[in-house]
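Following this message is one structure expressed as structure tokens.
Model, not experiment: these values are computed from the prediction. For ligands, and for the atoms within them, numbers begin at 1 and follow the listed sequence.
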Amino acid sequence: MTSSPALQPSLWYKDAIIYQVHIKSFCDSNDDGYGDIKGLISKLDYIQSLGVTAIWVMPFFDSPLQDDGYDIADYYKVNPNYGDIEDVRELVREAHARGLKIIMEMVINHTSDQHPWFQRAIKAPAGSSERNFYVWSDDNKKYDGVRIIFLDTEESNWTWHPEVEQYYWHRFFHHQPDLNFENPAVEKAIYEVIDYWASMGVDGFRLDAIPYLFEEEGTTCENLAPTHAFLKRLRKYVDEKFHGEICLLAEANMMPADSAGYFGDGDECHMNYHFPLMPRLYMGVAKEDRTEIVEVLKRTPEIPENCQWATFLRNHDELTLEMVTPEERQWMWNHYCYVPEAKQNMGIRLRLARLMDGSYRKMHLMNTMLFTMPGTPVIYYGDEIGMGDNVYLNDRDGVRTPMQWSPENNAGFSHATPQQLYLPVISDPEFHYETVNVQVQENRSRSMLHWMRRMIEIRKSYQCFGRGEMIMLEPEEKNILAYVRRYEDEVVLVVCNLSGRATSLCLPLESYEGYKAREILGGENFHDIEESYRLTITGWGTYLIEITKRANLNK
Ligand code: BGC
């Protein structure tokens, strides 16, 4: 990349903390039962109060909503349920005024079959560029063996179109035809879309389903060279046009080596989710054993200086188990699916709080790992208060229910009649909105919400979490996950007890012998570091210990 100062990216995403929101789920300003952009704007102060630095806004485009907006019918229009373009402009302005960046969803692998491009394609002559906006075939044997992602609902990646008398290709739902990136007109059209939104001032794009852009016979049709070549072109395009200020976040659910491929040489995506780490954090806690977590981190390659992993515990989809072995997957289903309905596709459709049995201690433990491991943490809305879920709702709707603001009607989300809500609020006794909500937790100093704020504040006070190296310590006790994060002269020791058993342990810390130690959350000074550092830790307990040479412990 050029060294012109205008093109020096600010790397803000390396120190960011991202909050994921769905507009329809956050706050309903006009009482129609759907959350909307104005509602989200009215809650920006709350988001800012969490201490997060960026918001990932899920798709808000015009859409038939058969895949919750991931089925785009018009890249230039806002779904009228959510508001209009002026509202988006205001959202960007208001977010920026609070120091919050906006990362918006950008689904380019496919569109809705209602998109005018698809409607035009089915009418266009065979062989024309318009027809070839999508991928067609006379038979459904082409690219045979390519895996089906939505196993619960789809039988094939091909669907017959009676009007065209050909099959069209789709990696997701059959109503989401894949765009044909072999066609240069598609690439051009996508650049125009990116231009439009980036010019409005958004700070980044989450590139949905990015490994699947190209197809090639005899391959898995995933992570192909032309996909990487396209991403390099896209990156160059946005860097030049938007002065290196636009961040691209890849959604590539792959093993670490393939995943790291989406960073290129620092010239593809700035960020990519660490999908393989996520299920192993849950496995570690369930098995009370750090082995798989350590192993996946060891297998994670070094990434270019200007890149960053995005780490997460939960999101709007099922907790995907695609990146674990079939035996591990079965084990996870047995352990975590408290009812059969919790299993979905290759995953589990439950929220963090349910997976952690509603235990604050276990939620703290999971979040401590999230906030202290390499990468930028992404928090799923509602997880900061330990919101519950509802497996009896359709598809992934059970983890997309209205945000719980207060014990009032509809959890304070909307004044519509309860039957009018896009989804019912959570009302099971364990996670009822009357107890699990922002208002109640604001008033309780020991609440999950206050703990999250404190954790976010700590995360922001130490650059070692976003930028530093990680040195894994491997004490004898397998239930203990311990590591040092180090950046310049900042050193933080993290100790996590993955089990419910109080444990006494010894950490090999010879290189810090004689240094001072202070537990960050509680602010207590611990005994100085010895060659072998002895600690006791309560069940599911965690320590964040700042290690300093001199008595410079006032952070
Ligand atoms: C999104 C899903 C969506 C799928 C198809 C994903 O990776 O996260 O929610 O259903 O893409 O667009």
Side-chain angles (χ1 to χ4, degrees), residues 18 20-25 56-75 79 103-115 117-118 134-135 146-154 157 159 168-179 181 190 193 204-213 221-223 227 248-254 258-259 262 269 271-276 278-279 310 312-323 344-351 378 380-381 389 393-401 422-423:
I18 303 174
Q20 176 186 0
V21 283
H22 203 337
I23 287 169
K24 77 168 186 193
S25 314
W56 154 22
V57 190
M58 289 171 60
F60 50 72
F61 308 93
D62 202 12
S63 158
L65 299 183
Q66 285 179 284
D67 183 15
D68 215 3
Y70 285 87
D71 45 333
I72 297 175
D74 191 329
Y75 287 98
N79 189 308
I103 299 174
M104 68 179 275
E105 191 76 47
M106 188 47 71
V107 189
I108 63 173
N109 177 66
H110 47 268
T111 68
S112 159
D113 59 5
Q114 304 305 304
H115 196 290
W117 293 342
F118 191 73
Y134 296 86
V135 182
V146 170
R147 74 183 171 116
I148 296 166
I149 296 170
F150 285 164
L151 276 172
D152 287 0
T153 42
E154 300 299 324
N157 288 318
T159 288
Y168 60 90
W169 180 250
H170 54 86
R171 290 307 302 273
F172 295 92
F173 288 122
H174 59 275
H175 52 74
Q176 287 165 317
D178 275 29
L179 284 164
F181 276 81
I190 292 301
V193 170
F205 296 98
R206 174 191 185 261
L207 301 177
D208 183 68
I210 210 70
Y212 317 115
L213 300 187
C221 291
E222 298 182 4
N223 312 320
T227 299
L248 301 177
L249 164 56
E251 191 218 14
N253 183 359
M254 300 286 151
D258 287 328
S259 237
Y262 286 86
C269 294
M271 300 183 81
N272 186 9
Y273 297 95
H274 202 315
F275 270 98
M278 181 275 298
F312 63 106
L313 298 174
R314 287 297 291 113
N315 62 20
H316 61 294
D317 288 326
E318 69 275 25
L319 187 169
T320 171
L321 299 172
E322 280 163 300
M323 293 302 121
Q344 187 181 29
N345 290 319
M346 295 277 252
I348 302 170
R349 50 175 162 179
L350 298 175
R351 267 187 182 261
V378 185
Y380 186 46
Y381 86 91
D389 47 41
L393 298 176
N394 183 43
D395 195 2
R396 292 150 288 174
D397 285 351
V399 298
R400 300 177 182 183
T401 58
Y422 75 94
L423 284 175

Open item on the list: Let's go through Y380 and F312 carefully: what are the C-alpha distance in whole Å and the side-chain angles of both, what is the deciding distance for ring pair (Phe, Tyr, Trp, His ring centres under 6.0 Å) to 0.1 Å, and is it a yes or a no?
Closed with: CA-CA 8 Å; Y380 186 46; F312 63 106; over 10 Å; no
Open item on the list: Closer than 4.0 angstrom, basic N to acidic O: yes or no for R396 and D389?
Closed with: no
- [ ] Would you please indicate yes or no on a ring centroid separation below 6.0 angstrom for Y70 and H110?
- [x] no
Open item on the list: Can you work out which protein residues put a heavy atom within less than 4.0 Å of ligand 1?
Closed with: D67, Y70, H110, F150, F172, Q176, R206, D208, E251, H316, D317, R396, R400
Open item on the list: Looking at Y212, I'd like to know if the NZ or CZ of R147 sits under 6.0 Å from its six-membered ring centre while staying within 45 degrees of the ring's axis.
Closed with: no
- [ ] Check whether any side-chain heavy atom of Y273 lies under 4.5 Å from a side-chain heavy atom of N253, and answer yes or no.
- [x] no
TODO: Please tell me if the side chains of D397 and Y422 come closer than 4.5 Å, counting only heavy atoms from C-beta onward.
DONE: no
